[in-house]
Amino acid sequence: MLPIQLFKHDKDLVLSGLRKKNFKDLDLVDKIITVDESRRHMQLEYDNLAATLNAAAKNIGLHMSKGEKHEAEQLKEMVALHKEQSKNISQKLSDFETELQDLLVRLPNLPHSSVPFGKTPEENEVVRTGGDMPVLGEHKLPHWELAAKYSLIDFELGNKITGSGFPVFHGQGARLQRALINYFLNYNIDAGYKEYCPPFMVNEASAYGTGQLPDKEGQMYHAVEDNFFLIPTAEVPITNIYRDTIINEQELPIKMTAYSPCFRREAGSYGKDVRGLNRVHQFDKVEIVQLAHPAKSYELLEEMVSHVEHLLKNLELPYRILRLCGGDMSFTSALTYDFEVFSAAQERWLEVSSVSNFENFQANRMKIRFRDGNSKTQIVHTLNGSSLALPRIIACLLENNQNANGINIPEVLKPYFGKSMIS
RNA sequence: GGGGCGUUGCCUGAGUGGCCUAAAGGACCGAAUUGCUAAUUCGGCGUAUGCCUUAAAGUGUACCGAGGGUUCGAUUCCCUCACGCCCCGCCA
């Protein structure tokens, strides 16, 4: 949610930002300014009346204690006269406040100045590429065939137990999964992130805080009886740890990491996009989150990018880093880098991480603040990224490292996996 | 599932209708003092939102889990809901 002050002082900045993000309903901006003016006007009216009535109530008490019944009665009559009016005004004030809130949550975050113009994924900017493209023979297999050949993942069994998009990892497949989770977590902890193991279901307030509600409830699984939502990413419980708190400035930045399964309904997806591990309803991911001083957040964003990049280097996978264009960025983000790895048998790039700075957009909603040097409260910046999402990493590891004898395990994973090859 | 007790500021925690302008302590900020990784003393210090200011300052209002009600006046009394803790039951 954008802070209201922005509209008063920097309307043009808001408008140009929304245009870059390819947001259509620009009339909302003027509407917000109008409603805000009405709100302030009504607040002034209410405050003045309330001040009068409060003073009267106090004086009634004083008169009563001195036994001046007549004066007290007169004041009571005056108060009674304004009672209806006071109710009216306060109702109108709260209507304006609600309306303003409803309008504000419909506006997306504004993009950072470095965000490229553009509307579609084709217009994303490739920042850099790395890693070596594998050279595979004619008999290269896609990961779902490798998964069957070496008994790693059973997609059919998942259909039976739950439904499509819930693969069952077993044997060496399950072990590879666990190896990756442990490696990622240790790597993050070594970089100063505190490890959490959060709840995998959240309440409405948490889902609202990170922006899944009010709009995107269709993308989450909902336990109706208890009104809990299965998390689509660990970002939700982890960022909400600090919801409604004021942090001491010297504690920033706060760095957190967590493994969690992620649940996504992915309604409407079909075809080759969902083949094998490309898109599933439940998958594992290790997430990193930072709460940052506004002056430092972009520096920290770059640090997170290079952190994730090193993970991919260590896994010896060919990757590229994209700076997303305005039209392809998420609703809440100010700047996003996507990481894609090349899936050598499918011959396509697969997204495995998305690292974003949300500036104060999420924190404003969640009321995560810090006290600055002048002991004023300011809203923190939030950042997060995947480090990393597992299924597509596994897909690429299998496809890119296949050879006649089996599948090679990258050096860094060997201690976690326990052997050097899947065969 | 049954019964009991709770929810107060950045944190801990008092407060049963009007000196609550919310005690006290911690943390934090400032000053004084002391030669050893800090202690002591004094002072300051809630959040949000208006108004007025270039700004600081000043000042109004709201906020004691949420929403309603009673009252001239509610942290305090009543109702509804949410959440938490304890005991019992069931269970890993």
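Chain A is the first sequence line, chain B the second, and so forth, proteins listed ahead of strands; every chain is numbered from 1.
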Original post:
Yes or no on ring-ring contact (aromatic ring centres under 6.0 Å, His included) for A:Phe361 and A:His381, after CA distance, side-chain angles and deciding distance?
Top reply: CA-CA 8 Å; A:Phe361 193 82; A:His381 282 192; over 10 Å; no
Subject >> A:Lys255 vs A:Glu195, salt bridge (Lys or Arg N to Asp or Glu O under 4.0 Å): CA-CA, chis, key distance, verdict >> reply: CA-CA 9 Å; A:Lys255 303 166 88 173; A:Glu195 182 180 0; over 6 Å; no
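Nucleotides B:rG9 and B:rG69, compared at atom P, are 25 Å apart to the nearest Å. Only the P atoms considered, B:rA62 is 40 Å distant from B:rG1, to the nearest whole Å. B:rG46 sits 22 Å from B:rU41 when the P atoms are compared, rounded to a whole Å. Separating the P atom of B:rU59 from that of B:rU76 is a span of 28 Å, rounded to the nearest Å. B:rC63 and B:rU54 have their C1' atoms separated by 31 Å, with the value rounded to a whole Å. If you take atom C1' in B:rU16 and the same atom in B:rC64, they sit 14 Å apart, rounded to whole Å. The C1' atoms of B:rU70 and B:rA55 are separated by 46 Å, rounded to the nearest whole Å. If you take atom C1' in B:rA66 and the same atom in B:rC11, they sit 23 Å apart, rounded to whole Å.
In RNA chain B, runs of at least 3 stacked Watson-Crick or G-U pairs (N1-N3 plus N6-O4 or O6-N4, or N1-O2 plus O6-N3, all under 3.5 Å) give these stems: B:1-7 with B:82-88, B:10-12 with B:24-26, B:28-32 with B:40-44, B:46-51 with B:58-63, B:65-69 with B:77-81.
Put simply, A:Thr377 has no side-chain N or O that comes within less than 4.0 Å of OP1 or OP2 on B:rU47. Between A:Arg39 and B:rG50, a side-chain N or O to OP1/OP2 separation shorter than 4.0 Å is present. For B:rA48, the OP1/OP2 oxygens have a side-chain nitrogen or oxygen of A:Arg369 closer than 4.0 Å. Applying the 4.0 Å criterion to OP1 and OP2 of B:rG73, one finds that A:Lys83 has a side-chain N or O inside that range. Here A:Asn54 reaches the OP1 or OP2 of B:rU61: one of its side-chain N or O atoms lies under 4.0 Å away.
Side chains of A:Gln5 and A:Asp10: a donor-acceptor N/O pair is absent below 3.5 angstrom, by distance only. Side-chain contact of A:Tyr337 with A:Glu309: a donor-acceptor pair under 3.5 Å is absent, judged by distance alone. Side chain to side chain, A:Gln91 and A:Asp95 meet the donor-acceptor criterion of an N or O pair below 3.5 Å.
Across the protein-nucleic acid pair, A:Lys87 atom NZ and B:rG68 atom C1' stand 10 Å apart, rounded to whole Å. Rounded to an integer number of Å, the gap from CD of A:Glu77 to P of B:rU71 is 16 Å. B:rG46 atom P lies 15 Å from atom CG of A:Asn248, rounded to whole Å. For A:Leu44 and B:rU49, the CG to P distance is 16 Å, given to the nearest whole Å. Protein atom NE2 of A:His63 is 16 Å distant from nucleotide atom P of B:rG73, rounded to whole Å. Whole-Å rounding puts the A:Ile247 CD1 to B:rC28 P distance at 16 Å. The CD atom of A:Glu37 sits 12 Å away from the P atom of B:rG50 (whole-angstrom rounding). As a whole-Å value, the separation of A:Arg243 CZ from B:rU47 C1' is 17 Å.
Of the candidate nucleotides B:rG50, B:rU61, B:rC72, B:rC72 has the atom nearest to the side chain of A:Lys76. In this structure, of B:rG73, B:rG69, B:rG60, it is B:rG60 that holds the atom nearest to the side chain of A:Gln43. For A:Asp36, counting side-chain heavy atoms from C-beta on, the closest listed nucleotide (B:rU47, B:rC72, B:rG50) is B:rG50. The A:Arg371 side chain lies nearest to B:rC10 when the options are B:rU61, B:rG50, B:rC10. Distances were taken from every side-chain heavy atom of A:Tyr46 (C-beta onward) to each of B:rC51, B:rG73, B:rA62; the shortest belongs to B:rA62.
Take the nearest nucleotide of RNA chain B for A:Asn59 and for A:Gln250: the residue whose nucleotide is more 5' is A:Asn59. Closest-nucleotide positions on RNA chain B for A:Ala56 and A:Lys8 were compared, and the one nearer the 5' end corresponds to A:Lys8.
With A:Arg243 contributing its side chain and A:Met366 its backbone, the two residues share no donor-acceptor pair below 3.5 Å.
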Listed pairs under 3.5 Å, donor-acceptor, residues 408-423 of chain A side chains, sequence neighbours left out:
unit_1, atom_1, unit_2, atom_2, d
A:Glu411, OE1, A:Lys414, NZ, 3.0
A:Tyr416, OH, A:Asn186, ND2, 3.0
A:Lys419, NZ, A:Gln172, OE1, 2.9

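Exactly one of A:Asp284, A:Asn182, A:Asn188 qualifies for a side chain to side chain donor-acceptor pair (under 3.5 Å) with A:Tyr259. That residue is A:Asp284.
Rounding to the nearest 0.5 Å gives a distance of 12.0 Å between CG of A:Leu146 and OG of A:Ser151.
Among the atoms of the strands shown, only primed sugar atoms or phosphate atoms (P, OP1, OP2) are found under 4.0 Å from some heavy atom of A:Ala51.
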